[in-house]
Amino acid sequence: MGSMLWVIAGVLFAAFLIMIPVQYRYIKEINEDPRRKGVSQETYYKNMSFQEEQLHYNAQSAFWPSAAVAAWIYRWRHRKKEKG
């Protein structure tokens, strides 16, 4: 039983590591979306169709630990652009 838990933990950790670059690219594309320029986040999501809004919700919530790490990496890598 103990080895089964290690296998499950290993698979979950591998999925976490694999999803970080995927979530990073997703966050990068969202921030570069021309529809988002000069619009608040609330307005941006209100202007989406229901289907597109659900896709965004599922992309971010399914792997929230990876999304959180990817968002932190994105903010860290783009901090100079935000200041200047």
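How far CZ of R35 is from OG1 of T43: 13.0 Å, rounded to the nearest 0.5 Å. Interatomic distance, CD1 of I27 versus CH2 of W72, reported as 13.0 Å (0.5 Å rounding). Atoms OG and CG, on S49 and L55 in that order, are 8.0 Å from each other to the nearest 0.5 Å. One finds the OG atom of S40 at 5.5 Å from the CD atom of E42 (value rounded to the nearest 0.5 Å). One distance of note links CD of E53 with CG of N58; it measures 11.0 Å at 0.5 Å rounding.
The minimum heavy-atom distance between I20 and A70, with the atom names listed, is O-CB, 3.7 Å. Contact between A15 and S66 at its shortest, heavy atoms only, is O-OG, 4.4 Å. The two atoms that bring V39 and Y44 nearest to each other are CG1-N, 3.6 Å, heavy atoms only. Shown here for F16 and V69, the closest heavy-atom pair between the two residues is CZ-CG2, 3.7 Å.
Y26 is linked by a ring-ring contact (aromatic ring centres under 6.0 Å, His included) to H56, counting only residues two or more places apart in sequence or in another chain.
With R36 contributing its side chain and D33 its backbone, the two residues share no donor-acceptor pair below 3.5 Å.
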Worksheet entry | Residues Q23, Y74; criterion side chain to side chain contact (heavy atoms under 4.5 Å, CB included); working and verdict | CA-CA 10 Å; Q23 291 292 332; Y74 183 85; over 6 Å; no
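Salt bridge E29/R25: absent, no basic N to carboxylate O contact under 4.0 Å. Between E32 and K37, none of the side-chain N atoms (NZ, or NE/NH1/NH2) sits under 4.0 Å from a carboxylate O, so this pair counts as no salt bridge.
The hydrophobic clustering, which links ILVMFWY residues whose side-chain heavy atoms are closer than 4.5 Å, places I73 and F13 together. Two different hydrophobic clusters hold L17 and M19 under the rule that ILVMFWY side chains link at heavy-atom gaps under 4.5 Å.
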